[in-house]
Structures are given as structure tokens and as C-alpha cells.
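Quantities reported herein were computed from a predicted structural model and do not represent experimental measurements. Labels below follow one simple rule: chain letters A, B, ... track the order of the sequence lines, proteins then strands, and each chain is numbered from 1.
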There are 2 protein chains.
Amino acid sequence: MELSCKSEYALLALIELAAHHAKGEPLQIRQIASQQNIPDRYLEQLLATLRRGGLVRSQRGAKGGYLLAREPWKITLLEALECIEGTNGQKAPASDRPHTVESEIVRDIWQEVRDRAQAVLQKYTLQDLKEQRDARHQVNIMYYI
Amino acid sequence: MELSCKSEYALLALIELAAHHAKGEPLQIRQIASQQNIPDRYLEQLLATLRRGGLVRSQRGAKGGYLLAREPWKITLLEALECIEGTNGQKAPASDRPHTVESEIVRDIWQEVRDRAQAVLQKYTLQDLKEQRDARHQVNIMYYI
DNA sequence: ACCAAACCCCACTGGAGAACCGGGGTATAA
DNA sequence: TTATACCCCGGTTCTCCAGTGGGGTTTGGT
């Protein structure tokens, strides 16, 4: 798993879309970008990737924008991250190298690490993040009063 | 965590050193490299990093080579990987960006993923890998008979 | 019909790191 | 003294990240 800036941008955008999802109307790149301080031309590319991955859909033309392709509780973070950074074929070290007993041991541990990371990302959906968001915003308002 | 080719090379070298550790005599780069099919000039750099990190020590001159700086059960994989790839300070996306409620949620999840990955790497020592190695080699011998 | 809002696609840049290769210097055992 | 092995520094090629920019296409509103 990357946990890069790119991945963070994608998740932030998806949280915004999840929060806006009940309204049923599309949300524009500009809105998301300004809310989350993301360069809009870059975010555009990420949303295009998410669209091609089937996680969001777009509405072209005036009053257009993006919507989640599915209900927010049906999209896990694992899906989102695999979509956004999954294109780069070999994240694992090339398996074409002749493998020894020792290299298999290392690969097994690599796999265990990946499995643990993926388990965390599997258990959260966009709905979960949206609820956390609402809860924390509520706390902020209470402090403000 | 990177889980790159570089990291794999480093762990393979450390396993070799752990396996050879009982003899008390140094092991040469060439030996390790040919055993594990690693380009030797590259491995040299990695061992230099591990030396600077205090995980191995070197003996210069003829009959020289590398030895573990500590007992194999006192070196965890987490230590080894942090040493080999840890110089790049922030693997996390720059925190200098203005952070929103949403970005904090994402960072928290990032942290949870990292913690899980590190927990796996923390629980294994070089001694564990050496024992796995011995066990699997033994199995291979039995098949051969 | 027109216009402006919005997405769409492609290309390019600068920087960082991975995965090497190579040359020459230095310590050390035999 | 000499061969062996580590030591240090530098360069190369490649890929990806993180953006920026230009021009094209769809669409709703007037």
C-alpha cells in the first residue's frame, strides 16, 4: 500500500462525494478541490481514474460534476486505493529472479504484511468515514458555542 | 513500509549472516551475492547502510567480510527495514498542507495501517527467519532422499 | 442558436528514488 | 609485499509522483 499524497487526495474527494451523496446532485471538481486544498487539475486526473475504476460516475456539461457510482457503504477503502494506485503492475519485487528458500521466506512475510494492511482497509467503507466526519464536525461546532 | 527489491536483498543478506553467525567468522559480500543471486556491487551499498545503522559490522582486508553486530534474536525485521529504507524521513504525505477534519480522518487510518504492518515486522527476528530456513532446507533434503 | 460551465484527453515538466555499474582508495592476513 | 576484501564517490537509466497547461467535447440555461 502506498499511503501517498495521491491516495490521500483520492480519499478526501471520496469523502466529500459521500457526504454530498444524499442530495443526489453532482459535485464539481472545483468544489472538492477548494474544500480540501487540492490542486484541481491534479484532482481531475484522480477522479478520472476513479471513474474508469467504476467507483464514481460523471455528469458532463453545465451543472455537471461527479457522483459516487454506488452507495457509500458499498465502497471500501481497499477498493478505492487499489483503484487509484493499482495500475503500476509490479509493486512486489520481480518474481522472475531465481528464488531460493530464503527468498520464499521473505515473500511469505511480505504477504503477511500486505494482508494485515489490507484487512484494515477492507473494514472501512466511505460511509464509515462520512460518519466520522459528521461526528467530528459536530464536536467542532460544540466547541465553537 | 516499502517491501521493495532493495528491502528483500537486505533481508536475504541478513538471513545468510544469521545462518553463518554461529561460526563466528565473517562472510563476504561475494558469498552472499552468489548464494542469493544479488548483484554484488548493489549489495555492497546495502550492507554499508546496515553497518552505518549498527546492525552489522565489517572486517576489512583479506579474510574479511561481514558479521551481525548483535545476536540474531535481538534484531527484528522492523529494525532492519527501517534502517535500510528509513532515511527518507516522511513517508507520510507532507503535513504542511492545511489540514481539514477530513484529512485528519485519513491520517488516522494511515496510522492504523502503518501500525498493523509494523506489528508484523516487530514480532519476527532474524533468529526466527533462520529457524524457518533450517526447517525448509531440511524438508528439501528429505524430498531429495 | 449561443454561451459558459463543466468534464475529457493528451502531453510535458521537475524532482526523487530504485537498481544498478565502475573507478580508485585503504586496511589486513599470509 | 601482495592479493583480498571492504570503503567511498560518482554517474546512469528508469519509473513514478505531483503537478501544470492546452485544446476538445458535452450540456443546461437564455
Mind checking what makes ring-ring contact (aromatic ring centres under 6.0 Å, His included) contact with B/Tyr124, not counting sequence neighbours?
none

For A/Tyr9, the ring-ring contact (aromatic ring centres under 6.0 Å, His included) test, sequence neighbours excluded, returns A/Tyr42

When the distance from [atom1] of [X] to [atom2] of [N] is rounded to whole Å, what number comes out?
| X | N | atom1 | atom2 | result |
| --- | --- | --- | --- | --- |
| B/Arg57 | C/dA27 | CZ | P | 19 Å |
| A/Leu46 | C/dC8 | CG | C1' | 15 Å |
| A/Glu85 | D/dT15 | CD | P | 19 Å |
| A/Leu47 | C/dA6 | CG | C1' | 13 Å |

Could I get the full list of side chain to side chain contact (heavy atoms under 4.5 Å, CB included) partners for B/Gln36, not counting sequence neighbours?
A/Thr100, A/Glu102, B/Leu12, B/Glu16, B/Ile38

Using side chain to side chain contact (heavy atoms under 4.5 Å, CB included) as the criterion, list what pairs up with B/Asp115, not counting sequence neighbours.
B/Gln111

Report, as a single string ordered 5' to 3', how protein heavy atoms within less than 4.0 Å touch nucleotides 19-26 of chain D: B base, S sugar-phosphate only, - not at all.
BBBB-BBB

With a cut-off of less than 4.0 Å, is there a side-chain N or O of A/Ser58 near OP1 or OP2 of C/dC8?
yes

Taking only side-chain N and O atoms of A/Lys63, does any of them lie within less than 4.0 angstrom of OP1 or OP2 on D/dG28?
no

Can you pull out the residues from residues 16-35 of chain A that lie within a 4.0 Å heavy-atom distance of DNA chain C?
A/Gln28, A/Ile29

CG of A/Leu77 to CG of A/Asp128: how many Å apart, nearest 0.5 Å?
8.0 Å

Show your working on side chain to side chain donor-acceptor pair (under 3.5 Å) between B/Gln118 and B/Arg114 and close with a plain yes or no.
CA-CA 6 Å; B/Gln118 292 189 358; B/Arg114 261 194 300 272; over 6 Å; no

